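Note that these values count all heavy atoms, side chains included, but never hydrogens, waters or copies made by symmetry. Because the structure is a prediction, the values reported are computed rather than measured.
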Amino acid sequence: MSQLNCELLDPIMHPLINKFYQQHKVRGRAKSHDDVWVIKIEKQIVATAKVSPKQGHLLLTGVFTLPAYRSQRLASHLIAHLHSFYSQPIFTFAYSHLVTWYNRNKFKSVEPPTALAMLFQAYIRQGRDIQCMVSHQES
């Protein structure tokens, strides 16, 4: 595969990514203050990740790779790029079946910080089987 580039979408393109998320039944929508990162192959978006500012923290959501492009480590490539781009820790509410994948991508399970605890608990009340995780750099 040729060199993969992670691209930060201009907020004017967020309706496009929201349509992409809707087509593939991905939860959530990009808002104007979110950073939406994509990987394109032959001008087609094949992988996405969204980073949202929440109460002074960064929250990673919307990590998705088109089924035809899975097992090529595209989402891992996006996550590695995010680790190098952002200087502060990145939190995510990972579905339990994805915790091992997030561990391999430099996330560890933690209690949600106070500022994110209400949002985390709201998702738990909705029946989501999730864990709060935060990015960490191995020394």
Residues that [X] engages under side-chain hydrogen bond (donor to acceptor under 3.5 Å, both in side chains), provided they are two or more places apart:
X     : value
Asn18 : none
Gln88 : none
Arg70 : none

- Query: Considering residues at least two apart in sequence or located in another chain, which fulfil the ring-ring contact (aromatic ring centres under 6.0 Å, His included) criterion with His81?
  - Reply: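 With sequence neighbours excluded, His81 shows a ring-ring contact (aromatic ring centres under 6.0 Å, His included) to Trp37, given in chain and number order.
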- Query: Taking only residues two or more places apart in sequence or in another chain, which ones pass ring-ring contact (aromatic ring centres under 6.0 Å, His included) with Phe20?
  - Reply: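 With sequence neighbours excluded, Phe20 shows a ring-ring contact (aromatic ring centres under 6.0 Å, His included) to His24, Phe64, given in chain and number order.
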How would you list, by chain and number, every residue that makes a side-chain contact (heavy atoms from CB on, under 4.5 Å) with [X], sequence neighbours excluded?
X      : answer
Glu111 : none
Pro89  : Val134, Ser135
Leu16  : Met13, Ile45

Can you tell me how far the [atom1] atom of [X] sits from the [atom2] atom of [Y], to the nearest 0.5 Å?
X      : Y      : atom1 : atom2 : result
Leu98  : Gln131 : CG    : CD    : 10.5 Å
Leu74  : Thr65  : CG    : OG1   : 5.5 Å
Tyr86  : Asp35  : OH    : CG    : 3.5 Å
Ile79  : Ile90  : CD1   : CD1   : 7.0 Å
Asn105 : His136 : CG    : NE2   : 10.0 Å

Donor-acceptor pairs under 3.5 Å, side chain of residues 49-63 to any protein atom, not counting sequence neighbours: which ones?
residue	atom	partner	partner atom	Å
Lys50	NZ	Arg29	O	3.4
Lys50	NZ	Thr61	OG1	3.2
Ser52	OG	Asp34	OD1	2.8

- Query: So, do His83 and Phe107 have ring centers that fall under 6.0 Å from each other?
  - Reply: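 Yes, close enough.
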- Can you list every side chain to side chain donor-acceptor pair (under 3.5 Å) pair that touches residues 89-99, not counting sequence neighbours?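 Passing the test, one end in residues 89-99: Arg27-Tyr95, Ser96-Asp129.
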- Message: Going by salt bridge (charged side-chain N to carboxylate O under 4.0 Å, His left out), name the residues that satisfy it together with Lys19, two or more places apart in sequence or in a different chain.
- Response: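 By the salt bridge (charged side-chain N to carboxylate O under 4.0 Å, His left out) rule, Lys19 matches no residue at all.
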- Quick one: which residue pairs count as a ring-ring contact (aromatic ring centres under 6.0 Å, His included) with a foot in residues 112-135, not counting sequence neighbours?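 Only Phe93-Phe120, Phe93-Tyr123 qualify under ring-ring contact (aromatic ring centres under 6.0 Å, His included).
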